[in-house]
Amino acid sequence: MYYCMLRSFRGNNFIQLARASGSQTPQLWDTSSKLCTACHTTHSPVSGSLQRPLTHILQRHRSLTASYRCMSSTVQRRRMPSAFTVIDGAFHPFHKHVYEANLRNSLICQQKYLDHKQKVFKGGGENAIARHTQRNRKVLVRERLCMLLDDENYLELSPFAGFGLPYGDIPSAGCLTGIGQINGLWCVFIANDATVKGGTAYPITVKKQLRAQDVAMQNRLPCVYLVDSGGAFLPLQSEIFPDKNQGGRTFYNEAVMSAMKIPQVAVVCGSCTAGGAYVPTMAEEAVIVHRIGTIFLGGPPLVKAATGEEVSPEDLGGARLHSEVSGCVDHFATVESEAYEYARNIISTLNYELPEESSTHPEEPLYSIDDLMGLAPRSYEYSMDIRLIVSRLTDGSRFQEFKARYGTTLVTGFARVEGHQIGIVANNGELTYEASLKGSHFVQLCDQRDIPLVFLQNTSPVTPHTLSQAKAEYKVSILAPGHSDALVQTEEEITQINEMLEDESSAFFSTGRLWDDGVILPQDTRKVLGKCLKIIKQQEYQLSREKMRTPLLRM
């Protein structure tokens, strides 16, 4: 009997051959017997009988694994240079009046955006802020993030969630979520805002927290919880916990993330009542702040109602109790600033390796990104050539178009944004059969090459681009405003449905219900894309350096 075993390792030429015949002793040849300077081990041929002890086989495997790791760690990586062509993104005379009409509309939308942002920053209002900071002597949630994160250059998710809901406006859905850097490592954060209804959880609050956990799982990002919650908002309790994707899912996700080896850290910087109490106790490490941090399923009023006993919050579930008696938390902080320093130190122990930052500065687009304010269309039905937008987003306004002459109502191709290679799939009119076929082909290419995809969406019902002011007003709905006459009969019904569609087509309507991860200004598009691509790069780097698992041997 003859057999041959080939084992190839990336980064070196190690190949092992073995031959056996009947009862013959196998002989092995090692084509790269050499001393590895990093692990000081001579990787030489193995000879002898198959009857060797299991410990020797495992020792041999560890030696080879160490050799591979030390050699792969010295490999220098660099990106292939790109030779993408430059897009013509210049305005033509017939674009001018349309651009001006779009710009006027964009300025109105921008003011609405800034007004919403101001409401978000006020949280629960002046009285709630005064109670939070003066009576309870706690720090506001955005100030907490300033102490936790490296800088204010974080990506906030769904800041306008909770606006325009049937049960009223809930600024930021009562919690801040996003992705920021802690000691250089991108981490997801979920921070309760106790100025909004005492940090109690509404249905939209739960939905926002679950989305942040999804982002952490999909991108393998550590997650930090800043817990300051009074539990569920009881008047809406029937919509918060019973169903599959409601409150209980938060704790299920924590367990799943733990199984995925995604680190989770909690800082108890206020009340952790009822469901809020599970969050820090299920995290890997937890920090609690003296005198303001408490953890209990039922607070002092509930204890008194149930047993008649009067107990203080500190005695029932304070920092000393949980750090000295129950052991539910791992670190005791005397003040909030110390708690966030503990959290930063915990993140530094995660043993993550960060991808090296490129020393070269990426090319800026040849055309001003501020032009996007005049390129964002007023009308759902029309748009200017999507290449005008692409040319203001990509490095050097370069774009290598794919299948340029086929399915022209969809533009596909390769580009770079802040040095990161991407694939772009951009609507340029109605979505035809040919455009769909072309898009699926391009997506397959990007999947084969591990290239992130950016979708620029505006599937208009008609093909022609905007060339007149009359055509120059939305976006997010199944049916556009003005197209309801086929559904109803009377003029009154048509007007009523069109008004409803106009309201529900607003980006603020969709983001208030968490149908997306946030609304941004057109001129911020390139900056936000660059930040997202950096976060993805961290995930790819971690996956590429996952540990080799020891094989299971059956003897």
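For the numbers below, each heavy atom of this structure counts, side chains included, while hydrogens, waters and symmetry mates do not. Computed from a predicted structure; not experimentally measured.
Counting only distance, with no hydrogens or angles, the side chain of Asp395 and the backbone of Pro362 share no donor-acceptor pair below 3.5 Å. The backbone N or O of Arg513 lies less than 3.5 Å from a partner atom in the side chain of Lys207, making a donor-acceptor pair. Using modelled atom types, one side-chain atom of Tyr367 and one backbone atom of Gly89 make a donor-acceptor pair closer than 3.5 Å. Side chain of Glu336 to main chain of Val139: a donor-acceptor pair is present (N/O by atom type, distance under 3.5 Å, no hydrogens or angles). Between the side chain of Thr511 and the backbone N or O of Ala507, no donor-acceptor pair lies under 3.5 Å. Distance alone, capped at 3.5 Å, places no donor-acceptor pair between the Gln237 side chain and the Ala232 backbone. Listed for the Asp524 side chain is no donor-acceptor partner under 3.5 Å among the backbone atoms of Ile520. No donor-acceptor pair closer than 3.5 Å links the side chain of Arg220 to the backbone N or O of Ala216. Between the Ser391 side chain and the Leu388 main chain, a donor and an acceptor come within less than 3.5 Å of each other. Here the side chain of Thr412 pairs no donor or acceptor atom with the backbone of Phe442 at under 3.5 angstrom.
Screening residues 170-200 for ring pair (Phe, Tyr, Trp, His ring centres under 6.0 Å) gives Tyr154-Phe189 as the qualifying pairs, with residues at least two apart or on separate chains. Residue pairs meeting the salt bridge (charged side-chain N to carboxylate O under 4.0 Å, His left out) criterion with at least one member in residues 129-138, sequence neighbours excluded: Lys138-Asp228. Residue pairs meeting the side-chain hydrogen bond (donor to acceptor under 3.5 Å, both in side chains) criterion with at least one partner in residues 436-448, sequence neighbours excluded, are Lys403-His441. Screening residues 125-144 for ring pair (Phe, Tyr, Trp, His ring centres under 6.0 Å) gives no qualifying pairs among residues at least two apart or on separate chains. Among residue pairs with one or both ends in residues 113-129, those qualifying as side-chain hydrogen bond (donor to acceptor under 3.5 Å, both in side chains) are Gln111-Asp115; sequence neighbours excluded. Under the side-chain hydrogen bond (donor to acceptor under 3.5 Å, both in side chains) criterion, the residue pairs touching residues 188-201 are Asp193-Thr195, with sequence neighbours excluded. Listed by first and then second residue, the side-chain hydrogen bond (donor to acceptor under 3.5 Å, both in side chains) pairs that reach into residues 166-179 come to none, sequence neighbours excluded.
The side-chain hydrogen bond (donor to acceptor under 3.5 Å, both in side chains) check on Glu156 picks up Arg142, with sequence neighbours excluded. Residues passing the ring-ring contact (aromatic ring centres under 6.0 Å, His included) test with Tyr252, sequence neighbours excluded: none. Legend: residues meeting side-chain hydrogen bond (donor to acceptor under 3.5 Å, both in side chains) with Lys531, ordered by chain and number and at least two apart, are Asn153. Qualifying side-chain hydrogen bond (donor to acceptor under 3.5 Å, both in side chains) partners for Glu363, counting only residues two or more places apart in sequence or in other chains: Arg398. Applying the side-chain hydrogen bond (donor to acceptor under 3.5 Å, both in side chains) test to Thr525 and every residue at least two apart in sequence or in another chain returns nothing.
Closest approach of Gln264 and Tyr225 over heavy atoms only: OE1-OH, 2.8 Å. The minimum heavy-atom distance between Ile389 and Leu372, with the atom names listed, is CG2-CD2, 3.9 Å. Between Gln421 and Ile451, the shortest heavy-atom distance links the atoms NE2-CD1, 3.3 Å. Across Gly276 and Val227, no two heavy atoms sit closer than the pair O-CG1, 3.9 Å. The two residues Ile386 and Ala426 have their closest heavy-atom pair at CG1-CB, 3.5 Å. Residue Lys244 comes nearest to Arg249 through the heavy atom pair O-CD, 3.3 Å, listed as atom of the first residue, atom of the second, then distance.
In this structure, OH on Tyr340 lies 3.5 Å from SG on Cys269, to the nearest 0.5 angstrom. Interatomic distance, CG of Asn183 versus CG of Leu350, reported as 9.5 Å (0.5 Å rounding). Atoms OG and CG, on Ser506 and Leu501 in that order, are 12.5 Å from each other to the nearest 0.5 Å. How far CD1 of Ile262 is from SG of Cys187: 11.5 Å, rounded to the nearest 0.5 Å. Rounded to the nearest 0.5 angstrom, Gln523 CD and Ser106 OG are separated by 8.5 Å. Cys532 contributes atom SG, which lies 10.5 Å from atom NE2 of His420 (distance to the nearest 0.5 angstrom).
At a cut-off of 3.5 Å, with distance as the only test, no side-chain donor of Gln496 or Glu491 sits close to an acceptor on the other residue. A donor-acceptor pair shorter than 3.5 Å can be found between the side chains of Ser510 and Asp516. Using a 3.5 Å distance cut-off with no hydrogens or angles, the side chains of Gln213 and Asn253 do pair a donor with an acceptor.
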Just do the ring pair (Phe, Tyr, Trp, His ring centres under 6.0 Å) check on Phe399 and Phe414 with the steps written out, would you?
CA-CA 6 Å; Phe399 181 61; Phe414 301 99; 8.6 Å; no
Quick one: do Phe160 and Phe508 satisfy ring pair (Phe, Tyr, Trp, His ring centres under 6.0 Å)? Show the steps, please.
CA-CA 7 Å; Phe160 303 133; Phe508 294 106; 5.7 Å; yes
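Using a cutoff of 4.0 Å between basic side-chain nitrogens and carboxylate oxygens, Arg344 and Asp150 are scored as salt-bridged.
Few gaps surround CD on Glu434; more than 12 heavy atoms of other groups in view lie less than 6.0 Å from it.
Under the 4.5 Å side-chain criterion, counting only non-hydrogen atoms from C-beta, Pro222 is in contact with Leu185.
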